[in-house]
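Each remark here refers to the structure printed beneath this line.
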2 protein chains.
Amino acid sequence: MSGVRAQQKEKTRRQIINAALNQLSAERSFSSLSLREVAKEAGLAPTSFYRHFSDMDELGLTLVDEAGLTLRQLMRQARQRIAKGGSVIQISVQTFMELIESNANVFRLLLRERSGTSAAFRAAVIREIRYFTMELCDYLQKANQLDAEVAYMQANAAVTIVFSAGSDALDIEDKAERDQLAQQTIQQLRFIARGALELSDRRKASKKSK
Amino acid sequence: MSGVRAQQKEKTRRQIINAALNQLSAERSFSSLSLREVAKEAGLAPTSFYRHFSDMDELGLTLVDEAGLTLRQLMRQARQRIAKGGSVIQISVQTFMELIESNANVFRLLLRERSGTSAAFRAAVIREIRYFTMELCDYLQKANQLDAEVAYMQANAAVTIVFSAGSDALDIEDKAERDQLAQQTIQQLRFIARGALELSDRRKASKKSK
DNA sequence: ATTTTGGGCGTACACTTGTACGCTAGTTGT
DNA sequence: ACAACTAGCGTACAAGTGTACGCCCAAAAT
């Protein structure tokens with residue numbers, strides 16, 4: 001049970017996953033990858049692929065999980081930075097933009113499969129994003145003492161704005177332009193925060209008066 | 001020059017376009033369509049396709065233009081309704097949701113190709129959405145007397161939120177749930193409007209004080 | 001020491017894909 | 001009336017696809 005064999009298997013599994021990730025790009029979506037291409041890039045015979053995944057779909061879902069992991073890593077990093085003080089919104093956007101830059105292909109995968117043709121993929125992506133949203137919702141509710149429903153709407157809107165900005169950022173190569181986009185995103189998040197805070201206060205007030 | 005010939009050509013061109021639109025669905029993206037499939041659905045021999053489009057790409061760009069038309073149609077309709085009075089945001093969201101329901105596939109095309117693998121497609125979609133955003137920006141600036149930059153940020157954020165909600169709505173079949181989504185979207189747009197108005201006022205005040 | 005297991009390979013097959021080429025027949029221009 | 005043009009068709013081909021099947025051989029289990 002030393003696992004020499006299992007160890008080797010895990011290794012080639014990673015090779016397949018990495019091969020797939022490497023082939024993703026702005027011009028190449030996951031659904032356009034063929035089993036044979038991925039196998040070749042991984043240094044495998046096409047048929048050996050099946051020893052690890054029964055389908056390209058199964059590989060795809062694994063990649064989405066991988067992407068979810070990256071997302072959670074992002075949240076941890078942002079929280080650490082926030083703990084050191086500074087504007088929460090600014091730090092969050094900046095951290096997010098950095099993550100996108102260094103994991104462009106993973107992020108592209110998420111964005112594409114969110115509106116892709118496989119219901120399973122869409123569900124998986126939406127689950128990851130929902131988790132992300134819920135985390136933010138929790139934070140907002142506690143940090144700003146918001147009404148629960150209002151906090152959710154704010155979190156949802158904020159995530160939408162940030163992901164959309166991330167998507168745009170992927171197509172911008174000029175650093176100054178990206179910075180401007182980040183700046184605009186920060187301002188938009190502040191719009192939302194302001195509106196949410198106000199509604200929450202109004203709701204609290206109407207409860208009190210009863 | 002009676003144009004019997006040109007007329008016939010235009011007709012089969014439409015057949016091709018409609019064939020492509022018909023094949024689009026939640027499970028079928030444009031990039032997954034093959035030239036042969038489209039030709040067959042249009043009742044044409046594969047090679048006859050080339051008499052109308054040199055490429056599937058060319059057909060795709062035509063479809064995006066078609067979608068842009070639908071978008072402009074939406075704006076006209078919303079403006080008409082707004083002129084009759086009522087909450088601008090509510091009417092806009094409602095109109096948008098109706099459009100999505102009756103043109104689901106066209107809308108899906110836009111959403112998918114926005115983050116698709118063809119740079120030309122992405123550019124075309126972004127152009128349509130930008131046009132849409134600019135129209136809204138103009139309206140906001142005039143109707144609410146906003147600072148120009150603030151109006152743009154609001155329009156941009158609003159379009160992002162609405163399109164994202166539209167994308168979500170495509171996956172919801174339950175009417176009550178869709179209504180709830182619409183309600184949430186309206187509230188989120190109000191958050192943004194509130195934040196934008198405040199920033200604009202603050203900017204005006206700081207100008208005055210100079 | 002012997003058997004079982006399982007990852008990896010090569011071959012093979014049935015399909016689908018885009019598109020080059022040449023033909024036909026009916027419209028259009030002269 | 002005649003010539004030129006052209007939408008549409010059928011054939012054909014090379015390339016790429018997923019995957020069924022059987023073999024090999026080193027690790028694991030007995």
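For clarity, every value in this text was computed on a predicted model and none was experimentally measured.
The distance between atom CZ of B/F49 and atom C1' of D/dG8, rounded to the nearest whole Å, is 14 Å. As a whole-Å value, the separation of B/K9 NZ from D/dC5 C1' is 12 Å. The CD atom of A/Q8 sits 11 Å away from the C1' atom of D/dA26 (whole-angstrom rounding). Rounded to a whole Å, the NE2 atom of A/H52 is 13 Å from the P atom of C/dG6. Between A/L35 atom CG and C/dG8 atom P the separation is 14 Å, expressed in whole Å. When the C1' atom of C/dT19 is taken as reference, atom NZ of B/K40 falls 17 Å away, rounded to whole Å. Distance OH (B/Y50) to P (C/dA20): 7 Å, rounded to an integer number of Å. Taking atom CG of B/L44 as the reference point, atom P of D/dG10 lies 11 Å away to the nearest angstrom.
Nearest-nucleotide mapping onto DNA chain C: of B/P46 and A/G43, the residue sitting toward the 5' end is A/G43. Each of B/A6 and A/R36 has a nearest nucleotide on DNA chain C; the 5'-most of these lies closest to A/R36.
Residue side chain A/R51 does not reach the base of C/dG6 through any donor-acceptor N/O pair under 3.5 Å, judged by distance alone. Between the side chain of A/R5 and the base of C/dG6, at least one donor-acceptor pair of N or O atoms lies under 3.5 Å.
The structure places OH of A/Y139 at 14.0 Å from CE of A/M75, a figure rounded to the nearest 0.5 Å.
Side-chain contact check for A/R190 versus A/R194: every heavy-atom pair is 4.5 Å or farther apart.
Between A/E135 and A/R76, none of the side-chain N atoms (NZ, or NE/NH1/NH2) sits under 4.0 Å from a carboxylate O, so this pair counts as no salt bridge. Between A/R127 and A/E113, none of the side-chain N atoms (NZ, or NE/NH1/NH2) sits under 4.0 Å from a carboxylate O, so this pair counts as no salt bridge.
Without hydrogens or angle criteria, A/S32 side chain to A/R28 main chain gives no donor-acceptor distance under 3.5 Å. In this structure, A/N144 contributes its side chain and A/L146 its backbone to no donor-acceptor pair below 3.5 Å.
Of the candidates C/dT19, C/dC9, D/dA28, the closest approach to any side-chain atom of A/V4 belongs to D/dA28.
Side chains of B/Q23 and B/E37: a donor-acceptor N/O pair is absent below 3.5 angstrom, by distance only.
Helix bend of the helix from C/dA1-D/dT30 to C/dT27-D/dA4: the angle between its two end axes, each built from five pairs, comes to 10° after rounding to 10°.
A/T47 has no side-chain polar atom (N or O) that falls below the 4.0 Å cut-off from OP1 or OP2 of C/dC9.
Backbone-only contact: B/S34 has heavy atoms under 4.0 Å from sugar-phosphate atoms and none from a base.
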